[in-house]
Amino acid sequence: MAKLPSIKDKNLEIAGKVVLVRTGMDVPLDESGLVTDDSRIQEAVPTIQFLVKGGAKVVLLTHINRPGGRVVENKRVEAVATKLSIMLKQDVKPLRDCVGSEVESAIKGMKDGEIVFLENLRFHPGEEANDVVFAQQLARLGEIYVNDAFSNSHRMHASMVGIPRYIPSYAGLLLEKEIRALTAAVEKPRRPLIVIIGGAKVSDKIGVIRNLGIKADRLIIGGAMMFTFYRSKGFDVGSSKFEADNVSIADDLLNEFQGKIILPVDVIAADKFANDARTQVVAAGEIPKGWMGLDIGPESVRRFMNELSDAGTIIWNGPLGVFEFPSFADGTAAIAKAVSGMTGRATTIVGGGDTLSAVEKVGLKGKFSHVSTGGGAMLELLEGKTLPGVAALVESLASDD
Ligand code: AMP
(Lines give C-alpha, C1' and ligand atoms only; values in the text may rest on other atoms or scores of the structure.)
Protein backbone atom coordinates (compact mmCIF):
# COMPACT_ATOMS: atom_id res chain seq x y z
CA MET A 1 0.00 0.00 0.00
CA ALA A 2 1.18 3.53 -0.79
CA LYS A 3 2.39 5.71 2.05
CA LEU A 4 -0.25 6.93 4.48
CA PRO A 5 -0.59 10.73 4.25
CA SER A 6 0.03 12.12 7.73
CA ILE A 7 -0.90 15.35 9.52
CA LYS A 8 2.81 15.61 10.30
CA ASP A 9 3.68 15.88 6.57
CA LYS A 10 5.94 18.93 6.25
CA ASN A 11 4.11 20.29 3.21
CA LEU A 12 0.75 20.33 4.94
CA GLU A 13 -0.31 23.80 6.03
CA ILE A 14 -2.97 23.73 8.70
CA ALA A 15 -2.80 27.26 10.10
CA GLY A 16 -6.07 29.07 9.51
CA LYS A 17 -7.63 26.02 7.81
CA VAL A 18 -10.88 24.34 8.82
CA VAL A 19 -9.86 20.77 9.66
CA LEU A 20 -12.51 18.06 10.01
CA VAL A 21 -11.25 15.46 12.47
CA ARG A 22 -13.08 12.12 12.50
CA THR A 23 -12.40 10.77 15.98
CA GLY A 24 -13.41 7.53 17.68
CA MET A 25 -14.92 9.10 20.80
CA ASP A 26 -17.61 6.41 20.89
CA VAL A 27 -17.73 6.28 24.69
CA PRO A 28 -20.20 4.42 26.88
CA LEU A 29 -22.91 6.76 28.19
CA ASP A 30 -25.32 6.19 31.08
CA GLU A 31 -29.11 6.69 30.99
CA SER A 32 -28.76 10.44 31.43
CA GLY A 33 -26.14 10.72 28.69
CA LEU A 34 -23.09 11.03 30.99
CA VAL A 35 -19.75 9.48 30.08
CA THR A 36 -18.93 6.35 32.14
CA ASP A 37 -15.47 5.66 30.66
CA ASP A 38 -13.46 8.47 29.09
CA SER A 39 -10.51 6.46 27.70
CA ARG A 40 -11.59 7.03 24.09
CA ILE A 41 -11.72 10.78 24.72
CA GLN A 42 -8.18 10.73 26.14
CA GLU A 43 -6.97 8.87 23.05
CA ALA A 44 -8.26 11.68 20.82
CA VAL A 45 -6.38 14.44 22.65
CA PRO A 46 -2.90 14.35 21.00
CA THR A 47 -4.19 14.94 17.46
CA ILE A 48 -6.55 17.71 18.59
CA GLN A 49 -3.73 19.43 20.49
CA PHE A 50 -1.42 19.10 17.49
CA LEU A 51 -3.98 20.82 15.24
CA VAL A 52 -4.87 23.54 17.76
CA LYS A 53 -1.19 24.29 18.28
CA GLY A 54 -0.79 24.54 14.51
CA GLY A 55 -3.49 27.22 14.37
CA ALA A 56 -6.22 25.14 12.68
CA LYS A 57 -9.94 25.63 13.22
CA VAL A 58 -10.76 22.19 14.59
CA VAL A 59 -14.13 20.61 13.79
CA LEU A 60 -14.59 17.31 15.62
CA LEU A 61 -16.71 14.43 14.32
CA THR A 62 -17.63 11.17 16.00
CA HIS A 63 -20.40 8.64 16.28
CA ILE A 64 -21.62 7.58 19.69
CA ASN A 65 -23.23 4.16 20.19
CA ARG A 66 -26.06 3.04 17.92
CA PRO A 67 -28.87 5.61 17.81
CA GLY A 68 -30.06 4.04 14.55
CA GLY A 69 -30.19 7.05 12.26
CA ARG A 70 -32.38 9.28 14.47
CA VAL A 71 -31.88 11.79 17.26
CA VAL A 72 -31.63 10.12 20.68
CA GLU A 73 -31.41 12.70 23.46
CA ASN A 74 -29.11 10.75 25.78
CA LYS A 75 -26.62 10.02 22.98
CA ARG A 76 -25.67 13.61 22.21
CA VAL A 77 -22.00 14.68 22.02
CA GLU A 78 -22.49 17.37 24.67
CA ALA A 79 -21.20 15.34 27.64
CA VAL A 80 -18.20 14.22 25.57
CA ALA A 81 -17.45 17.82 24.60
CA THR A 82 -17.56 18.83 28.28
CA LYS A 83 -15.10 16.08 29.28
CA LEU A 84 -12.83 16.95 26.39
CA SER A 85 -12.78 20.64 27.23
CA ILE A 86 -11.69 19.78 30.78
CA MET A 87 -8.87 17.60 29.44
CA LEU A 88 -7.75 20.26 26.94
CA LYS A 89 -8.34 23.18 29.32
CA GLN A 90 -10.05 24.85 26.38
CA ASP A 91 -13.61 25.53 25.30
CA VAL A 92 -15.10 22.83 23.04
CA LYS A 93 -18.41 23.95 21.63
CA PRO A 94 -20.97 21.18 20.92
CA LEU A 95 -23.29 21.85 17.96
CA ARG A 96 -26.85 20.53 17.73
CA ASP A 97 -26.41 18.92 14.31
CA CYS A 98 -23.57 17.76 12.08
CA VAL A 99 -24.68 19.22 8.74
CA GLY A 100 -26.82 22.12 7.55
CA SER A 101 -26.83 25.90 7.49
CA GLU A 102 -26.55 26.48 11.25
CA VAL A 103 -23.49 24.25 11.40
CA GLU A 104 -22.01 26.01 8.39
CA SER A 105 -22.44 29.45 9.93
CA ALA A 106 -21.03 28.30 13.30
CA ILE A 107 -17.91 27.08 11.48
CA LYS A 108 -17.65 30.30 9.48
CA GLY A 109 -17.49 32.23 12.75
CA MET A 110 -14.57 30.17 14.17
CA LYS A 111 -11.21 31.73 14.99
CA ASP A 112 -7.88 29.91 14.52
CA GLY A 113 -7.22 27.41 17.33
CA GLU A 114 -10.91 27.10 18.28
CA ILE A 115 -12.76 23.80 18.55
CA VAL A 116 -16.35 22.84 17.76
CA PHE A 117 -17.88 19.38 18.09
CA LEU A 118 -20.45 18.26 15.54
CA GLU A 119 -23.47 16.30 16.79
CA ASN A 120 -23.45 12.48 16.78
CA LEU A 121 -23.01 11.43 13.13
CA ARG A 122 -25.25 8.42 13.54
CA PHE A 123 -28.28 10.63 14.18
CA HIS A 124 -28.31 10.75 10.35
CA PRO A 125 -29.04 7.49 8.50
CA GLY A 126 -26.66 8.69 5.76
CA GLU A 127 -23.63 8.01 7.97
CA GLU A 128 -23.93 4.22 8.16
CA ALA A 129 -25.46 4.02 4.67
CA ASN A 130 -22.39 5.82 3.29
CA ASP A 131 -24.73 8.21 1.54
CA VAL A 132 -23.03 10.37 -1.08
CA VAL A 133 -25.05 13.51 -0.37
CA PHE A 134 -24.41 13.23 3.37
CA ALA A 135 -20.68 12.78 2.71
CA GLN A 136 -20.69 15.86 0.46
CA GLN A 137 -22.54 17.90 3.10
CA LEU A 138 -19.89 16.94 5.64
CA ALA A 139 -16.97 17.52 3.27
CA ARG A 140 -18.27 20.99 2.43
CA LEU A 141 -17.72 22.02 6.05
CA GLY A 142 -13.93 21.80 5.93
CA GLU A 143 -10.79 22.21 3.87
CA ILE A 144 -8.81 19.28 5.23
CA TYR A 145 -9.98 15.91 6.61
CA VAL A 146 -8.18 13.91 9.28
CA ASN A 147 -9.06 10.31 10.18
CA ASP A 148 -8.09 9.56 13.77
CA ALA A 149 -10.77 6.91 14.32
CA PHE A 150 -8.82 3.67 14.00
CA SER A 151 -11.55 1.77 15.86
CA ASN A 152 -14.05 2.65 13.12
CA SER A 153 -11.75 2.37 10.11
CA HIS A 154 -13.13 -1.04 9.10
CA ARG A 155 -16.51 0.62 8.47
CA MET A 156 -17.56 1.91 5.04
CA HIS A 157 -19.37 4.88 6.53
CA ALA A 158 -19.79 8.35 5.03
CA SER A 159 -17.47 10.10 7.48
CA MET A 160 -14.80 7.42 7.03
CA VAL A 161 -14.67 6.77 3.29
CA GLY A 162 -16.99 9.41 1.82
CA ILE A 163 -15.36 12.67 2.93
CA PRO A 164 -11.85 11.74 1.66
CA ARG A 165 -13.24 11.67 -1.89
CA TYR A 166 -13.75 15.42 -1.78
CA ILE A 167 -11.04 17.09 0.32
CA PRO A 168 -7.35 16.38 0.99
CA SER A 169 -7.18 13.76 3.71
CA TYR A 170 -4.61 12.67 6.27
CA ALA A 171 -4.09 10.22 9.11
CA GLY A 172 -4.18 11.53 12.67
CA LEU A 173 -1.60 10.58 15.29
CA LEU A 174 -3.65 7.79 16.88
CA LEU A 175 -4.49 6.17 13.55
CA GLU A 176 -0.83 6.32 12.53
CA LYS A 177 0.32 4.84 15.84
CA GLU A 178 -2.15 1.94 15.56
CA ILE A 179 -1.28 1.12 11.95
CA ARG A 180 2.45 1.35 12.63
CA ALA A 181 2.35 -0.87 15.74
CA LEU A 182 0.06 -3.53 14.32
CA THR A 183 1.63 -3.66 10.86
CA ALA A 184 5.15 -3.92 12.26
CA ALA A 185 4.11 -6.71 14.64
CA VAL A 186 2.69 -8.76 11.80
CA GLU A 187 5.04 -7.88 8.96
CA LYS A 188 8.40 -7.49 10.70
CA PRO A 189 8.03 -9.06 14.12
CA ARG A 190 10.85 -9.72 16.49
CA ARG A 191 10.71 -13.52 16.68
CA PRO A 192 9.34 -15.70 17.92
CA LEU A 193 5.95 -14.14 17.19
CA ILE A 194 3.38 -15.65 19.52
CA VAL A 195 -0.30 -14.96 19.00
CA ILE A 196 -2.90 -15.58 21.70
CA ILE A 197 -6.47 -15.81 20.49
CA GLY A 198 -9.36 -16.21 22.89
CA GLY A 199 -13.02 -15.31 23.05
CA ALA A 200 -16.22 -17.05 22.20
CA LYS A 201 -16.39 -17.73 18.50
CA VAL A 202 -14.03 -19.34 16.01
CA SER A 203 -16.19 -17.85 13.27
CA ASP A 204 -15.12 -14.28 14.19
CA LYS A 205 -11.46 -15.19 14.16
CA ILE A 206 -10.99 -17.71 11.35
CA GLY A 207 -9.45 -15.02 9.10
CA VAL A 208 -7.04 -13.94 11.83
CA ILE A 209 -5.99 -17.51 12.61
CA ARG A 210 -5.47 -18.19 8.87
CA ASN A 211 -3.34 -15.10 8.27
CA LEU A 212 -1.40 -15.19 11.52
CA GLY A 213 -1.08 -18.95 11.34
CA ILE A 214 1.24 -18.34 8.38
CA LYS A 215 3.17 -15.50 10.01
CA ALA A 216 3.32 -16.51 13.66
CA ASP A 217 5.65 -19.06 15.20
CA ARG A 218 3.03 -20.19 17.72
CA LEU A 219 -0.72 -19.69 18.09
CA ILE A 220 -2.17 -20.15 21.54
CA ILE A 221 -5.92 -20.74 21.63
CA GLY A 222 -8.17 -20.25 24.65
CA GLY A 223 -11.71 -19.19 25.51
CA ALA A 224 -14.83 -21.03 24.38
CA MET A 225 -13.22 -21.32 20.95
CA MET A 226 -10.99 -24.12 22.25
CA PHE A 227 -14.00 -26.43 22.49
CA THR A 228 -14.73 -26.16 18.76
CA PHE A 229 -11.14 -27.29 18.19
CA TYR A 230 -11.57 -30.11 20.71
CA ARG A 231 -14.76 -31.26 19.02
CA SER A 232 -12.80 -31.51 15.79
CA LYS A 233 -10.46 -33.94 17.52
CA GLY A 234 -13.51 -35.92 18.62
CA PHE A 235 -13.18 -34.98 22.31
CA ASP A 236 -16.20 -34.82 24.58
CA VAL A 237 -16.70 -31.23 25.73
CA GLY A 238 -19.77 -31.74 27.96
CA SER A 239 -22.06 -28.69 27.85
CA SER A 240 -19.23 -26.29 26.96
CA LYS A 241 -19.99 -23.62 24.42
CA PHE A 242 -18.79 -24.56 20.93
CA GLU A 243 -19.81 -23.95 17.31
CA ALA A 244 -21.00 -27.15 15.65
CA ASP A 245 -20.95 -25.46 12.23
CA ASN A 246 -17.27 -24.63 12.51
CA VAL A 247 -15.88 -27.95 13.72
CA SER A 248 -14.64 -28.84 10.23
CA ILE A 249 -13.00 -25.43 9.83
CA ALA A 250 -11.27 -25.93 13.17
CA ASP A 251 -10.09 -29.30 11.88
CA ASP A 252 -8.71 -27.68 8.70
CA LEU A 253 -6.88 -25.05 10.76
CA LEU A 254 -5.36 -27.72 13.02
CA ASN A 255 -4.11 -29.60 9.95
CA GLU A 256 -2.89 -26.49 8.16
CA PHE A 257 -0.96 -25.21 11.14
CA GLN A 258 0.14 -28.48 12.66
CA GLY A 259 2.59 -27.98 15.47
CA LYS A 260 1.88 -24.23 15.65
CA ILE A 261 -1.54 -24.27 17.30
CA ILE A 262 -1.33 -24.83 21.04
CA LEU A 263 -4.54 -25.76 22.85
CA PRO A 264 -5.15 -25.78 26.63
CA VAL A 265 -4.59 -29.18 28.25
CA ASP A 266 -6.94 -28.65 31.18
CA VAL A 267 -9.97 -26.55 32.01
CA ILE A 268 -11.95 -25.30 34.97
CA ALA A 269 -15.24 -27.12 34.56
CA ALA A 270 -18.42 -25.74 36.14
CA ASP A 271 -21.81 -27.35 36.79
CA LYS A 272 -23.64 -24.22 35.59
CA PHE A 273 -22.94 -20.91 33.84
CA ALA A 274 -22.68 -18.81 37.00
CA ASN A 275 -20.05 -17.32 39.28
CA ASP A 276 -21.18 -19.54 42.18
CA ALA A 277 -21.07 -22.77 40.16
CA ARG A 278 -19.39 -25.85 41.62
CA THR A 279 -16.05 -26.33 39.89
CA GLN A 280 -13.39 -28.93 39.22
CA VAL A 281 -10.18 -28.98 37.22
CA VAL A 282 -10.28 -31.62 34.50
CA ALA A 283 -8.31 -32.60 31.41
CA ALA A 284 -9.65 -30.70 28.40
CA GLY A 285 -11.25 -33.79 26.84
CA GLU A 286 -12.75 -35.12 30.05
CA ILE A 287 -15.44 -32.67 31.01
CA PRO A 288 -18.19 -34.54 32.88
CA LYS A 289 -21.63 -34.78 31.28
CA GLY A 290 -23.67 -31.65 31.93
CA TRP A 291 -20.58 -29.65 33.00
CA MET A 292 -18.96 -26.88 30.97
CA GLY A 293 -15.44 -25.45 30.65
CA LEU A 294 -15.41 -21.80 31.68
CA ASP A 295 -11.69 -21.11 32.07
CA ILE A 296 -8.34 -22.63 31.16
CA GLY A 297 -6.83 -24.76 33.92
CA PRO A 298 -3.63 -24.25 35.95
CA GLU A 299 -1.52 -26.64 33.88
CA SER A 300 -2.50 -24.77 30.70
CA VAL A 301 -1.54 -21.47 32.35
CA ARG A 302 1.84 -22.93 33.29
CA ARG A 303 2.46 -24.21 29.76
CA PHE A 304 1.31 -20.97 28.13
CA MET A 305 3.61 -18.95 30.40
CA ASN A 306 6.43 -21.22 29.37
CA GLU A 307 5.60 -20.73 25.68
CA LEU A 308 5.61 -16.96 26.18
CA SER A 309 8.90 -16.83 28.02
CA ASP A 310 11.11 -16.55 24.90
CA ALA A 311 8.72 -14.37 22.85
CA GLY A 312 10.02 -11.53 20.68
CA THR A 313 6.50 -10.31 19.88
CA ILE A 314 3.16 -11.19 21.48
CA ILE A 315 -0.23 -10.27 20.00
CA TRP A 316 -3.23 -11.01 22.20
CA ASN A 317 -6.93 -10.67 21.37
CA GLY A 318 -9.77 -12.33 23.30
CA PRO A 319 -10.21 -13.47 26.92
CA LEU A 320 -9.22 -17.05 27.79
CA GLY A 321 -12.25 -17.71 29.97
CA VAL A 322 -15.48 -16.13 31.22
CA PHE A 323 -13.52 -13.35 32.93
CA GLU A 324 -16.74 -11.45 33.73
CA PHE A 325 -17.26 -14.01 36.56
CA PRO A 326 -14.45 -13.63 39.14
CA SER A 327 -14.44 -17.41 39.62
CA PHE A 328 -13.41 -17.88 35.99
CA ALA A 329 -11.11 -14.88 35.53
CA ASP A 330 -7.87 -16.47 36.79
CA GLY A 331 -6.64 -17.85 33.45
CA THR A 332 -7.09 -14.50 31.68
CA ALA A 333 -5.53 -12.61 34.62
CA ALA A 334 -2.51 -14.94 34.69
CA ILE A 335 -1.95 -14.51 30.95
CA ALA A 336 -2.38 -10.71 31.30
CA LYS A 337 0.37 -10.75 33.95
CA ALA A 338 2.61 -13.01 31.88
CA VAL A 339 2.23 -10.92 28.70
CA SER A 340 2.69 -7.58 30.49
CA GLY A 341 5.69 -9.06 32.30
CA MET A 342 7.34 -9.62 28.91
CA THR A 343 7.01 -5.94 27.89
CA GLY A 344 10.46 -4.60 27.20
CA ARG A 345 11.96 -7.97 26.43
CA ALA A 346 9.23 -8.47 23.82
CA THR A 347 6.84 -6.20 21.91
CA THR A 348 3.48 -6.83 23.56
CA ILE A 349 0.24 -5.88 21.86
CA VAL A 350 -3.25 -6.33 23.24
CA GLY A 351 -6.60 -5.33 21.80
CA GLY A 352 -10.31 -6.03 21.63
CA GLY A 353 -12.99 -4.60 23.92
CA ASP A 354 -13.23 -7.63 26.23
CA THR A 355 -9.49 -8.11 26.43
CA LEU A 356 -9.07 -4.47 27.44
CA SER A 357 -11.73 -4.76 30.18
CA ALA A 358 -9.94 -7.88 31.40
CA VAL A 359 -6.52 -6.19 31.59
CA GLU A 360 -8.06 -3.10 33.20
CA LYS A 361 -9.68 -5.28 35.86
CA VAL A 362 -6.24 -6.51 36.92
CA GLY A 363 -4.75 -3.00 36.70
CA LEU A 364 -2.36 -3.76 33.86
CA LYS A 365 -3.63 -1.53 31.05
CA GLY A 366 -0.52 0.68 30.96
CA LYS A 367 1.89 -2.25 30.96
CA PHE A 368 1.97 -3.26 27.30
CA SER A 369 3.95 -1.94 24.33
CA HIS A 370 0.73 -1.14 22.52
CA VAL A 371 -2.91 -1.28 23.58
CA SER A 372 -5.09 -1.14 20.48
CA THR A 373 -8.26 0.95 20.56
CA GLY A 374 -9.77 -1.21 17.85
CA GLY A 375 -11.71 -4.46 18.23
CA GLY A 376 -13.10 -5.27 14.78
CA ALA A 377 -10.57 -2.96 13.10
CA MET A 378 -7.66 -4.70 14.83
CA LEU A 379 -8.95 -8.11 13.80
CA GLU A 380 -9.38 -7.04 10.16
CA LEU A 381 -5.88 -5.62 10.09
CA LEU A 382 -4.52 -8.85 11.59
CA GLU A 383 -6.44 -10.77 8.93
CA GLY A 384 -4.27 -8.95 6.42
CA LYS A 385 -7.12 -6.82 5.07
CA THR A 386 -6.72 -3.17 4.12
CA LEU A 387 -9.12 -1.09 6.23
CA PRO A 388 -11.51 0.95 4.04
CA GLY A 389 -10.95 4.09 6.14
CA VAL A 390 -7.21 3.78 5.62
CA ALA A 391 -7.48 2.99 1.90
CA ALA A 392 -9.64 6.10 1.50
CA LEU A 393 -6.81 8.27 2.83
CA VAL A 394 -4.26 6.75 0.51
CA GLU A 395 -6.58 7.27 -2.46
CA SER A 396 -7.65 10.77 -1.43
CA LEU A 397 -6.74 13.96 -3.23
CA ALA A 398 -3.85 14.37 -0.82
CA SER A 399 -1.91 11.54 -2.40
CA ASP A 400 -2.38 12.98 -5.90
CA ASP A 401 -0.15 15.98 -5.37
P1 AMP B 1 -15.26 -12.48 21.78
O2 AMP B 1 -16.27 -11.36 21.66
O3 AMP B 1 -15.39 -13.52 20.71
O4 AMP B 1 -13.86 -11.99 21.98
O5 AMP B 1 -15.67 -13.26 23.09
C6 AMP B 1 -15.58 -12.72 24.38
C7 AMP B 1 -16.45 -13.50 25.29
O8 AMP B 1 -16.05 -14.85 25.31
C9 AMP B 1 -16.42 -13.02 26.73
O10 AMP B 1 -17.65 -12.45 27.06
C11 AMP B 1 -16.15 -14.30 27.52
O12 AMP B 1 -16.98 -14.43 28.65
C13 AMP B 1 -16.49 -15.39 26.53
N14 AMP B 1 -15.83 -16.65 26.86
C15 AMP B 1 -14.51 -16.87 27.04
N16 AMP B 1 -14.30 -18.14 27.40
C17 AMP B 1 -15.50 -18.75 27.46
C18 AMP B 1 -15.94 -20.07 27.79
N19 AMP B 1 -15.05 -21.01 28.12
N20 AMP B 1 -17.26 -20.33 27.75
C21 AMP B 1 -18.15 -19.37 27.40
N22 AMP B 1 -17.80 -18.11 27.08
C23 AMP B 1 -16.50 -17.80 27.11
Side-chain angles (χ1 to χ4, degrees), residues 28 151 154 195-210 212 219-232 235-247 249-250 253 262-288 290-301 304 315-336 339 349-362 371-383:
S151 55
H154 58 315
V195 178
I196 309 168
I197 302 279
K201 297 196 214 138
V202 177
S203 48
D204 288 349
K205 293 173 185 165
I206 296 167
V208 175
I209 297 174
R210 280 235 158 87
L212 293 187
L219 262 168
I220 292 175
I221 306 272
M225 196 188 306
M226 64 184 271
F227 300 112
T228 309
F229 283 93
Y230 273 125
R231 281 302 298 141
S232 83
F235 287 10
D236 198 349
V237 299
S239 302
S240 304
K241 186 174 175 144
F242 76 99
E243 292 165 284
D245 292 352
N246 284 315
V247 169
I249 288 180
L253 293 170
I262 303 165
L263 292 167
V265 290
D266 59 350
V267 300
I268 313 281
D271 65 347
K272 57 179 176 180
F273 189 80
N275 190 42
D276 63 354
R278 283 192 300 149
T279 61
Q280 55 179 309
V281 177
V282 296
E286 290 170 16
I287 299 172
W291 288 56
M292 61 192 79
L294 295 186
D295 195 6
I296 57 172
E299 178 58 20
S300 308
V301 169
F304 289 175
I315 303 175
W316 175 24
N317 183 297
L320 300 161
V322 184
F323 73 99
E324 296 93 334
F325 294 146
S327 307
F328 304 102
D330 288 355
T332 304
I335 296 307
V339 175
I349 297 183
V350 298
D354 284 320
T355 318
L356 294 195
S357 334
V359 301
E360 256 172 35
K361 269 192 182 164
V362 287
V371 174
S372 178
T373 54
M378 176 185 181
L379 289 177
E380 288 201 13
L381 204 75
L382 297 180
E383 275 179 51

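All heavy atoms count here, side chains included; hydrogens, waters and symmetry mates do not. Model, not experiment: these values are computed from the prediction. All ligand and atom numbering here is 1-based and tracks the order in the structure.
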Nearest heavy atom to atom 6 (C) of ligand 1 wins, so pick from D204, D354, V267, I268.
D354
Give the numbers and elements of all ligand 1 atoms closer than 4.0 Å to a heavy atom of G199.
1 (P), 3 (O), 4 (O), 5 (O), 6 (C), 8 (O)
G293, any N or O under 3.5 Å of ligand 1 N or O:
yes
With side-chain contact (heavy atoms from CB on, under 4.5 Å) as the test, pick out the partner of I268 among V322, D295, I296.
D295
Looking only at distances, can you tell me whether any N or O atom of K205, backbone or side chain, sits closer than 3.5 Å to an N or O atom of ligand 1?
yes
May I ask which of A224, G321, S357 has a heavy atom nearer to atom 18 (C) of ligand 1 than the others do?
A224
Using a 3.5 Å cut-off on N or O atoms only, is A200 in polar contact with ligand 1?
yes
Rounded distance (nearest 0.5 Å) linking atom CD1 of I206 with atom CD1 of I197
12.0 Å
According to the interplanar angle, ranging from 0 to 90°, do the rings of F235 and Y230 count as parallel (below 30°), tilted (30 to 60°) or perpendicular (above 60°)?
parallel
Look up atom NZ in K272 and atom CG in L294, then write down how far apart they are to the nearest 0.5 Å.
11.5 Å
Test item: side-chain donor near acceptor, S300 and D266, under 3.5 Å
yes
Counting non-hydrogen protein atoms only, what is the nearest one to atom 22 (N) of ligand 1? Give residue, atom name and distance.
V322 CG2, 3.5 Å
If we number the atoms of ligand 1 from 1 as shown, the ones under 4.0 Å from a heavy atom of K201 are 3 (O)
Record the part of E324 in heavy-atom contact with ligand 1 below 4.0 Å; permitted values are side chain, backbone, both and neither.
side chain
Would you mind reporting whether T228 and K201 have side-chain heavy atoms less than 4.5 Å apart?
no
Partner of I196 by side-chain contact (heavy atoms from CB on, under 4.5 Å), out of I315, T355, V339
V339
